[in-house]
Amino acid sequence: MSSAARKFAVRLLTSVTRNSVRGSQCWGHAMLREIDFIESDWVSLWWALGGTSAMLRHSITSTISSWLTRQRDRGGEWTLKSVGKKAAGLTSGIAISVAVLAFSVLGLARLPRALFPARNFSQLPWLGWLPVLVIPETVFAIAAVALWSKRRNAARGILLSGVALAVHVIVHVTTHG
Amino acid sequence: MASRLRLSPQTLQVLDAFLEAPRDWKYGYDISRNTGLKSGTLYPILMRLADRKLLETSWETVEPGKPPRHLYRLTPDGLRFARAHVTHGVAGSRVLALRGVKS
């Protein structure tokens, strides 16, 4: 059992090292080599688990930082500041979509009953889809097209929300019938 | 570069371990045992120190057929940095202290 723990430790760290970015690999080999000098098999397993976490963090950090450097060298489009700006644009697009959806579901869904109180709408099941899917998705599509040239990130946020809503409806329909 | 290093208590512990014998090369597992830090904490610190040229690394040349072992030692800059941020208390006990550095 104990030697199995050591074997697993070595396999885990070897695999993580092999699949990590080139700059991190020498650190993986360093940690891997130390396992041979750890007396307890279980301590070696904890060593490997800690090493795995260190390697993953280092790989992620190096990948993000080298990607940002590459993008900056390419024309300065993706600095940390610009990433923040893009994230703000995307968030505003999502916020707009949520507001539209809330207005449609909470307001427009009640409109037919308010306008025609005597009419029985339960015979028109498709009517329920208008405020929760058709109207919001139409508004999203129009807004995304209108904003695409001037506020592309907000438009992307709206499109993202539209896709999320569509996926949600599909999943709901397929699971609930 | 060194000024941007996050000087956590664990980083100070590692620097302190190097200061015990500044000229000697040390193994990762030995540092881990001396400081009580796990590999998941120790190695990110070593990586950051090496990235900032405060730590030099080397592969130990051992007998043929056996994989080499990684060794660590503070660079002259690292030594100055460590001495500036790790203070020694009275009666031989080491006291770790932050000197106006963000932790």
Side-chain angles (χ1 to χ4, degrees), chain A residues 5-70 72 79-81, chain B residues 1-11 13-15 17-18 24-75 78 102:
Chain A
R6 186 179 288 271
K7 273 183 197 164
F8 177 74
V10 171
R11 276 186 197 157
L12 176 72
L13 208 45
T14 306
S15 161
V16 170
T17 303
R18 197 183 300 134
N19 293 300
S20 62
V21 293
R22 198 174 294 168
S24 306
Q25 282 184 347
C26 78
W27 292 102
H29 289 301
M31 284 183 265
L32 198 54
R33 186 70 187 105
E34 292 302 298
I35 288 180
D36 293 345
F37 298 90
I38 299 173
E39 303 82 21
S40 159
D41 292 336
W42 289 106
V43 174
S44 72
L45 179 61
W46 287 114
W47 178 268
L49 289 173
T52 300
S53 124
M55 291 291 291
L56 289 176
R57 278 183 283 161
H58 191 250
S59 287
I60 290 168
T61 314
S62 326
T63 306
I64 291 173
S65 113
S66 68
W67 181 76
L68 282 172
T69 309
R70 242 187 357 258
R72 197 174 50 228
T79 59
L80 274 176
K81 200 177 170 185
Chain B
M1 202 64 166
S3 60
R4 282 196 217 162
L5 183 71
R6 197 169 69 91
L7 267 181
S8 61
Q10 291 84 0
T11 305
Q13 258 180 288
V14 172
L15 291 174
F18 278 113
D24 295 352
W25 289 97
K26 292 186 192 304
Y27 299 115
Y29 184 51
D30 290 346
I31 303 167
S32 168
R33 277 197 302 191
N34 291 341
T35 57
L37 297 174
K38 308 273 182 231
S39 58
T41 307
L42 173 65
Y43 276 87
I45 293 170
L46 295 177
M47 290 170 189
R48 281 197 291 273
L49 290 171
D51 282 347
R52 286 160 178 79
K53 314 278 183 224
L54 298 174
L55 188 78
E56 57 182 320
T57 63
S58 170
W59 290 99
E60 186 188 40
T61 45
V62 283
E63 52 194 280
K66 277 197 169 181
R69 215 171 160 190
H70 217 202
L71 294 161
Y72 312 98
R73 186 170 73 176
L74 289 176
T75 62
K102 199 176 121 189

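This structure is a prediction, so every number in the text was calculated from the model and none was measured. Just so it is clear: chains get the letters A, B, ... in the order the sequence lines come, proteins before strands, and each one is counted from 1.
- Evaluation of the ring-ring contact (aromatic ring centres under 6.0 Å, His included) test over residues 44-68 of chain B, restricted to residues two or more places apart or in two chains, returns Trp59(B)-His70(B).
- For the pair Tyr29(B) and Phe37(A), the tightest heavy-atom approach, listed with the atom from each and the gap, is CE2-O, 3.5 Å.
- Between Gly28(B) and Glu34(A), the shortest heavy-atom contact is N-OE1, 3.8 Å.
- At a 4.5 Å heavy-atom cutoff, the contact between Leu46(B) and chain A is made by backbone and side-chain atoms alike.
- Atom CZ of residue Arg69(B) and atom CG of residue Asp36(A) lie 8.5 Å apart, to the nearest 0.5 angstrom.
- Contacts of Ile35(A) with chain B are absent, with no heavy-atom separation under 4.5 Å from either backbone or side chain.
- From Ser53(A), atom OG reaches atom NZ of Lys38(B) across 13.0 Å, with rounding to the nearest 0.5 Å.
- Smallest separation of non-hydrogen atoms from Ala54(A) and Tyr43(B): CB-CB, 4.3 Å.
- Contact annotation for residues 18-28 of chain A against chain B (heavy-atom separation below 4.5 Å, listed by residue number): Cys26(A), Trp27(A).
- Side-chain contact between Asp51(B) and His58(A) is present, with heavy atoms from C-beta onward closer than 4.5 Å.
- Applying the side chain to side chain contact (heavy atoms under 4.5 Å, CB included) criterion to Asp30(B), with sequence neighbours excluded, gives Tyr27(B), Arg33(B).
- Under the side chain to side chain contact (heavy atoms under 4.5 Å, CB included) criterion, Arg73(B) pairs with Trp25(B), Glu56(B), sequence neighbours left out.
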